[in-house]
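Because the structure is a prediction, the values reported are computed rather than measured. Order of listing sets the numbers, starting from 1, for every ligand and every atom in it. All values below come from the heavy atoms of this structure, side chains included, with hydrogens, waters and symmetry mates left out.
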Amino acid sequence: HVAVVMDGNRRYGRRHHQGNAIKGHWAGGKALSDFIKWCRLAGGIDFLTVYAFSEENWSRPPAEVDALMSLFTQYADDTLRKEALESNVRVKMLSTDSERLPRSVLKAMAELETATAGCSGLTVNVCLSYGSRSEIVAAAKALATEAQAGRLAPEDITEDLFSRNLTTWSSSHEAEKEAKVGGGSPTSSGKTNSSSCDPDILIRTSGEHRISNFLLWQVRTTLTTFWLCLLLLTCFSFMRVWCVSCRRPMPACVHGDIFHRQTLAGNHRARPARHSWAVCTATAAVW
Ligand code: IPE
Ligand code: MG
């Protein structure tokens, strides 16, 4: 499970699109498409959770919020839908305050969820109007309601049960939703474990290190440090070399320089292949 805080888009737009920050958001969408392709190609990744719009983002200037909402609608209706169906990718929307989203976004995302419901290659959770604290409070409220109704004893509340009431758990365990509190046995987790829906790695594309109210409960053991960047840099570098030597087409995020440019939006710029060997050698030496 890979989690990504999409960040640095406006900076990218200002820098590469004559000061147009909104174009940076579109470039971020393109970079997300590339990253989804990379996840499919890399294999072994079952879930990708991207933080596209936080509850805090509602306080941005109305013109920017409107532009983002129309981007989400168009992206869900068009690019993401086409690519998800082509690549067998299931898309889910995770939201803790969906009432604030315009109807156009809700409709586009609901249609996308339905259209991709049967896809099994990779699940992409798009967090829109999401806030981790709200998510935790909602889980606490659900448990408290059950306890108040006498259906749950306070001593039966465990970390595992708490996780089951978070949005990420529902998305990862569609078929087992009934095992959430309020239905089924809260303590019998079957073959699943709540930690299976926690991210293994968290990437923030701008190079900053803030978590910004994203998956606060779920990132307990997630790898987020310099070592992760080094690991991914190594993987990308070896993939580049492999693609060049085998004359295979390179996915954009492999020939790109997301770590060099420190923004997901910047990942489509190719760099000379000869640098790859140097990066491979240097990262292997550090390891
Ligand atoms: C992330 O990029 C995209 C959204 C939050 C929607 P930003 O818009 O935060 O870009 P910067 O960090 O200000 O450059
Ligand atoms: Mg930002």
Original post:
Does an N or O anywhere in N9 fall below 3.5 Å from an N or O of ligand 1?
Top reply: yes
**OP:** Check ligand 1 against R11 and write out every atom of the ligand that is under 4.0 Å from a heavy-atom position of the residue.
**Re:** 11 (P), 12 (O), 14 (O)
Original post:
Evaluating non-hydrogen atoms only, which member of E208, E56, E64, R60 is closest to atom 8 (O) of ligand 1?
Top reply: R60
Subject >> E113 with R90: basic N within carboxylate O range, under 4.0 Å >> reply: no
Subject >> Heteroatom test (N, O or S) for D7 near the Mg ion (ligand 2), limit 2.8 Å >> reply: yes
Original post:
Ion pair present between D160 and R164, side-chain N to carboxylate O less than 4.0 angstrom?
Top reply: yes
Subject >> Electrostatic pair R60:E55 at N-O distance under 4.0 angstrom >> reply: no
**OP:** Could you establish whether H25 and ligand 1 come within less than 4.0 Å of each other, counting only heavy atoms on the residue side?
**Re:** yes
Subject >> Partner of Q218 under side chain to side chain donor-acceptor pair (under 3.5 Å), chosen from T168, T167, T49, D198 >> reply: T168
**OP:** Quick one: look up the protein heavy atom nearest atom 5 (C) of ligand 1 and list residue, atom name and how far away it is.
**Re:** N57 OD1, 3.3 Å
Subject >> Part of R10 within contact of ligand 1 (heavy atoms, under 4.0 Å) >> reply: both
Original post:
Among all protein non-hydrogen atoms, which one is nearest to atom 1 (C) of ligand 1, and what is the separation to 0.1 Å?
Top reply: M6 O, 3.1 Å
Subject >> Chi angles and distances behind the salt bridge (charged side-chain N to carboxylate O under 4.0 Å, His left out) call for R81, D77 >> reply: CA-CA 6 Å; R81 184 190 178 99; D77 270 342; 5.4 Å; no
**OP:** May I ask you to say whether D78 pairs ionically with K82, meaning some side-chain N is under 4.0 Å from a carboxylate O?
**Re:** no
**OP:** Look at atom 4 (C) of ligand 1 and say which protein heavy atom is nearest, naming residue and atom and giving the distance to 0.1 Å.
**Re:** A52 O, 3.7 Å
Original post:
Mind checking whether G28 has a heavy atom under 4.0 Å from ligand 1?
Top reply: no
Original post:
Quick one: OG on S104 to CD on Q74, what's the gap to the nearest 0.5 Å?
Top reply: 10.0 Å
